[in-house]
Amino acid sequence: MTKYDPDNIFAKILRGDLPSERVYEDDETVAFMDIMPRADGHLLVIPRSKARNMLDATLAQLVACMATVQKLSHAVIAAFEAEGVTIQQFNETAGGQEVFHLHFHILPRHPGVNLRPPGTIEDHAVLVANAARIRLALAG
Ligand code: AMP
């Protein structure tokens, strides 16, 4: 497998070289808003440490990410009055991966509401407002 590229977008976000709308962080993981959300409240959870994707991740990285995914799934359900979540995770180009730092998508879901098509950048103000809703749910 191709080795980890330290200049991928999420590595830059982790270093603070690129902005992100963070909603949660702990010693092992960081969660922030996807800039092209396929549902309101679409989040990404990443490990702080290097992993290209699930194929080279350690068990510890996967466990830490899944703990954060579970915690934030409850938060987005509360924040957006969702009835469920879809969790997505892509590996390598053939598997649909576009950013090569391990990440999990959390997509709040409502009955009868399809995911939006990928590729549309959200208004920054909307991302800020949605992040605030999630932080409030985490605090509550
Ligand atoms: P994938 O690798 O297929 O899981 O897709 C990468 C995801 O990262 C997509 O959902 C993008 O919208 C998202 N994304 C790309 N650049 C950024 C960024 N600078 N901040 C937040 N999300 C991003």
Side-chain angles (χ1 to χ4, degrees):
M1 184 174 24
T2 316
K3 75 178 173 62
Y4 183 83
D5 170 12
D7 285 327
N8 73 74
I9 291 170
F10 296 166
K12 289 180 179 173
I13 285 176
L14 280 168
R15 289 198 293 269
D17 294 344
L18 281 178
S20 68
E21 202 54 47
R22 291 191 190 199
V23 297
Y24 175 82
E25 52 192 305
D26 58 29
D27 286 349
E28 279 103 19
T29 65
V30 174
F32 54 93
M33 307 306 293
D34 194 301
I35 51 164
M36 293 180 259
R38 301 193 59 199
D40 291 339
H42 181 171
L43 283 180
L44 298 170
V45 172
I46 67 174
R48 286 189 187 276
S49 51
K50 294 173 191 171
R52 185 174 160 86
N53 54 41
M54 194 183 64
L55 300 171
D56 66 335
T58 65
L59 187 55
Q61 286 174 313
L62 296 175
V63 168
C65 284
M66 287 316 297
T68 300
V69 166
Q70 185 186 44
K71 183 183 186 74
L72 290 181
S73 293
H74 288 296
V76 296
I77 285 171
F80 295 92
E81 296 172 347
E83 291 194 15
V85 288
T86 297
I87 307 302
Q88 291 182 327
Q89 195 280 317
F90 304 104
N91 300 281
E92 298 299 328
T93 304
Q97 186 175 12
E98 293 180 352
V99 178
F100 294 94
H101 181 106
L102 173 65
H103 56 279
F104 294 84
H105 297 255
I106 303 176
L107 297 141
R109 301 303 299 272
H110 298 84
V113 179
N114 291 329
L115 294 179
R116 299 194 284 267
T120 302
I121 295 185
E122 184 61 276
D123 286 347
H124 184 61
V126 173
L127 291 181
V128 168
N130 287 344
R133 284 171 74 163
I134 296 168
R135 287 188 204 105
L136 202 61
L138 281 168

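Keep in mind the model is a prediction, meaning the values are calculated, not measured.
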- Where is the tightest heavy-atom contact between Pro108 and His42, given as atom of each residue plus distance? CD-N, 4.0 Å

- Message: Ignoring hydrogens, what is the shortest heavy-atom contact between Phe90 and Gly96? Give both atom names and the distance.
- Response: CB-C, 3.6 Å

- Message: Using modelled atom types and a 3.5 Å cut-off, is there a donor and acceptor pairing between side-chain atoms of Arg109 and backbone atoms of Val85?
- Response: no

- Item | ring-ring contact (aromatic ring centres under 6.0 Å, His included) against Phe32, all qualifying residues, sequence neighbours excluded | Phe10

- Query: Distance from Ile13 atom CD1 to His101 atom NE2, nearest 0.5 Å?
  - Reply: 10.0 Å

- Message: Please find the pair of heavy atoms, one from Leu14 and one from Arg48, that lie closest to each other, and give the distance.
- Response: CD1-O, 3.6 Å

- Message: Between Met33 and Val23, is there a side-chain heavy-atom distance shorter than 4.5 Å?
- Response: yes

- Item | From CG (Asn53) to OG1 (Thr2), nearest 0.5 Å | 9.5 Å

- Would you confirm whether the ring centroid of His103 sits within less than 6.0 angstrom of the ring centroid of His105? yes

- Query: Is the backbone N or O of Ala137 less than 3.5 Å from a side-chain atom of Arg133, with the two atoms forming a donor-acceptor pair by type?
  - Reply: no

- Item | Verdict with reasoning, Phe80 to Asp40, per side-chain contact (heavy atoms from CB on, under 4.5 Å) | CA-CA 8 Å; Phe80 295 92; Asp40 291 339; 4.1 Å; yes

- Query: Are Tyr24 and Ile46 linked, directly or through other ILVMFWY residues, by side chains that come within less than 4.5 angstrom of each other?
  - Reply: no

- Query: Is there side-chain contact between Glu28 and Val63, with heavy atoms separated by less than 4.5 Å?
  - Reply: no

- Message: For a 4.5 angstrom cut-off between non-hydrogen side-chain atoms, does Arg15 reach Asp7?
- Response: yes

- Criterion side-chain contact (heavy atoms from CB on, under 4.5 Å) on Leu102 and Leu62, from CA distance to verdict: CA-CA 9 Å; Leu102 173 65; Leu62 296 175; 4.1 Å; yes

- Quick one: CG on Asp34 to CG on Leu127, what's the gap to the nearest 0.5 Å? 8.5 Å

- Exam field: side chain Arg52 to backbone Glu92, donor-acceptor pair closer than 3.5 Å: no

- Item | Leu138 backbone acceptor or donor facing His74 side chain under 3.5 Å | no

- Taking Arg135 for its side chain and Arg22 for its backbone only, find out whether a donor-acceptor pair lies under 3.5 Å. yes

- Query: Can you tell me how far the CD atom of Glu21 sits from the CG atom of Leu44, to the nearest 0.5 Å?
  - Reply: 13.0 Å

- Decide side-chain contact (heavy atoms from CB on, under 4.5 Å) for Glu122 and Arg116; before the verdict, give the C-alpha distance in whole Å, the side-chain angles of both, and the deciding distance to 0.1 Å. CA-CA 12 Å; Glu122 184 61 276; Arg116 299 194 284 267; 4.0 Å; yes

- Cluster question for you: counting only ILVMFWY and a side-chain heavy-atom cut-off of under 4.5 Å, with indirect links fine, are Val99 and Ile87 together? no

- Nearest heavy-atom approach of Asn130 to Gly41 is ND2-N, 4.0 Å

- Write down the atom of Tyr4, the atom of Ala11, and the distance for their closest heavy-atom approach. OH-CB, 3.4 Å

- Message: How long is the straight-line distance from OG1 of Thr68 back to CG of Leu43, given to the nearest 0.5 Å?
- Response: 11.0 Å

- Item | Side-chain heavy atoms of Met36 within contact of Pro118, under 4.5 Å | no

- Note on the structure: Distance col, row Ile9:CD1 vs Ile35:CD1, nearest 0.5 angstrom, shows 7.0 Å

- Joint hydrophobic cluster, Val45 plus Ile77, side-chain heavy atoms closer than 4.5 Å: yes

- Item | Closest non-hydrogen atom pair between Glu25 and Val30, with its separation | CB-CG2, 4.1 Å

- Message: Does Gln88, at its CD atom, have more than 12 non-hydrogen atoms belonging to other residues, nucleotides or ligands within less than 6.0 Å?
- Response: yes

- Message: Starting from Val76, can I reach Leu136 by hopping between I/L/V/M/F/W/Y residues whose side chains sit under 4.5 Å apart?
- Response: no

